[in-house]
Amino acid sequence: MDWDDMKVLLALARRGSARGAAQELKVSNSTITRRLDELERALRAQLFDRTPDGYRMTAAAEALLPTAEHIEELALAAERRITGADQDLEGSIRLTMPDRVEFLMARLARFAEEYPGIELELVPGGIPLDLSRREADIAIRVMPAASKPPDYLIGRLLCPLSASTYVHRDLLRTDDPGDVSHLSWVGRYPAGQRETWLQQTQHPDLPVRHSISDLSLMQMAARCRMGLVFMPCFLAYGQRDLVKVPGASTVHSTNIWVLTHRDLRLSARLRRLREVIAEEFAKVAPQLDTR
């Protein structure tokens, strides 16, 4: 067995399909199946059942998995130590960030011009990535206001995010704009799940319809007159058709952090990009926290 065999085992265990494992390892589907066949022949054991629903681990694979994970952590730790000690402003940086941060793109473009030896790889924040496994080098993440990053990450609080209740101005009563009893909420979760965010609003008893978890789609839903939305205030910035419901409170619901693994804290290129990100967020802080 070699480390490449362990990578195939881990990717199949996590993704459950040859296609998913191939995407994770950036190889072809045939490479995944070939390596798995070779590994099973070498071990004289079947590691996965091939089913119509995907690859399912056998008892042999489950027994081997902790060893594979331990080897992976040793390899990643060594890689992080090498990268963390790198003082050259060149190499690759994988950055994951949430949607609706278009203001950052212009600065990232200038960053790329300033440091031609650095290659940027941008990944949408909707794709869950593990910083401990080097799935990303830097993450911009939105976290609940009361929470902090885990100990293995170093982080910088970029800015609080405020949220409030917004609606299309045409849906408000002309005689009493603060009366929204005729409206319903645009929900975030499928029917039957608790909408805990309602308790942060002044109208928790109004009915909830629909299910929209994506912020961009939620903003569009409000602009298309689908109902009340509770969303970050910056999504209403510059949108003349969206107004805050009269009397609605503005709450500190979440924070934006820039994070990286503790082992990478000394990497010059990562440190410089984190500084650039912090500078750009400082410029737009009044739009992100409107309290």
Side-chain angles (χ1 to χ4, degrees), residues 1-84 91-99 119-143 147 149-153 188-193 211 213-214 259-264 270:
M1 287 188 297
D2 61 24
W3 175 223
D4 287 337
D5 294 332
M6 294 294 99
K7 288 180 180 178
V8 171
L9 172 68
L10 289 167
L12 283 171
R14 290 163 178 160
R15 296 300 187 93
S17 70
R19 180 180 179 182
Q23 290 174 341
E24 179 173 324
L25 298 181
K26 297 185 169 94
V27 298
S28 65
N29 289 15
S30 60
T31 297
I32 294 294
T33 55
R34 175 177 55 79
R35 286 183 177 174
L36 177 59
D37 289 342
E38 292 173 353
L39 179 58
E40 289 181 329
R41 281 197 297 270
L43 295 175
R44 298 181 182 179
Q46 183 174 340
L47 298 175
F48 290 89
D49 291 323
R50 285 74 162 169
T51 74
D53 295 327
Y55 282 61
R56 297 291 180 267
M57 284 194 298
T58 64
E62 291 176 352
L64 186 57
L65 188 62
T67 300
E69 291 174 334
H70 179 63
I71 294 172
E72 178 189 47
E73 178 52 36
L74 292 175
L76 290 173
E79 184 180 345
R80 289 194 301 265
R81 284 194 294 270
I82 294 171
T83 303
S92 63
I93 302 177
R94 197 172 201 219
L95 169 65
T96 177
M97 56 187 186
D99 60 356
E119 298 292 333
L120 294 177
E121 181 182 356
L122 306 182
V123 185
I127 301 175
L129 298 177
D130 188 346
L131 294 178
S132 66
R133 293 177 52 210
R134 290 300 304 279
E135 292 178 344
D137 299 306
I138 299 175
I140 302 174
R141 286 185 176 161
V142 179
M143 301 175 59
S147 66
D151 291 339
Y152 67 87
L153 299 180
R188 294 184 180 177
Y189 305 105
Q193 295 190 27
S211 171
S213 59
D214 180 82
L259 304 169
T260 194
H261 197 282
R262 184 174 296 279
D263 291 348
L264 302 179
L270 300 187

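Note that these values count all heavy atoms, side chains included, but never hydrogens, waters or copies made by symmetry.
In this structure, the side chains of Leu270 and Ile138 come closer than 4.5 Å at one or more pairs of heavy atoms. Leu64 places a side-chain heavy atom less than 4.5 Å from the side chain of Leu43.
Judged purely by atom type and a 3.5 angstrom limit, Arg94 uses its side chain to pair as donor or acceptor with the backbone of Glu135.
Interatomic distance, Ile140 CD1 to Thr96 OG1, rounded to the nearest 0.5 Å: 8.5 Å. In this structure, CG on Leu65 lies 7.5 Å from CZ on Arg14, to the nearest 0.5 angstrom. Of the inter-residue distances, the one linking Leu95 atom CG with Asp137 atom CG reads 9.0 Å to the nearest 0.5 angstrom. Rounding to the nearest 0.5 Å places CG of Leu12 at 4.5 Å from CZ of Phe48. Annotation: the span from Thr31 atom OG1 to Leu36 atom CG amounts to 12.5 Å, rounded to 0.5 Å. A distance of 4.5 Å separates CG in Leu25 from CD1 in Ile32, rounded to the nearest 0.5 Å.
Contact between Ser213 and Arg188 at its shortest, heavy atoms only, is CB-O, 3.8 Å. When all heavy atoms are compared, the tightest approach of Ser17 to Gly20 is OG-N, 2.9 Å. Closest heavy-atom contact between Ala18 and Asn29: O-OD1, 4.0 Å. Shown here for Pro149 and Leu153, the closest heavy-atom pair between the two residues is CB-CB, 4.5 Å. Summarising the geometry of Gln46 relative to Ala60, their closest heavy-atom pair is O-CB, 3.8 Å, with the distance given to 0.1 Å.
The environment of Asp151 atom CG is sparse: at most 12 non-hydrogen atoms of other residues, nucleotides or ligands sit within 6.0 angstrom.
Between Glu40 and Arg50 there is a salt bridge, since at least one side-chain N of the basic residue sits less than 4.0 Å from a carboxylate O of the acidic one.
Applying the salt bridge (charged side-chain N to carboxylate O under 4.0 Å, His left out) rule to pairs touching residues 52-71 yields nothing, sequence neighbours excluded.
Evaluation of the side chain to side chain donor-acceptor pair (under 3.5 Å) rule for Arg35 yields no partner, not counting sequence neighbours.
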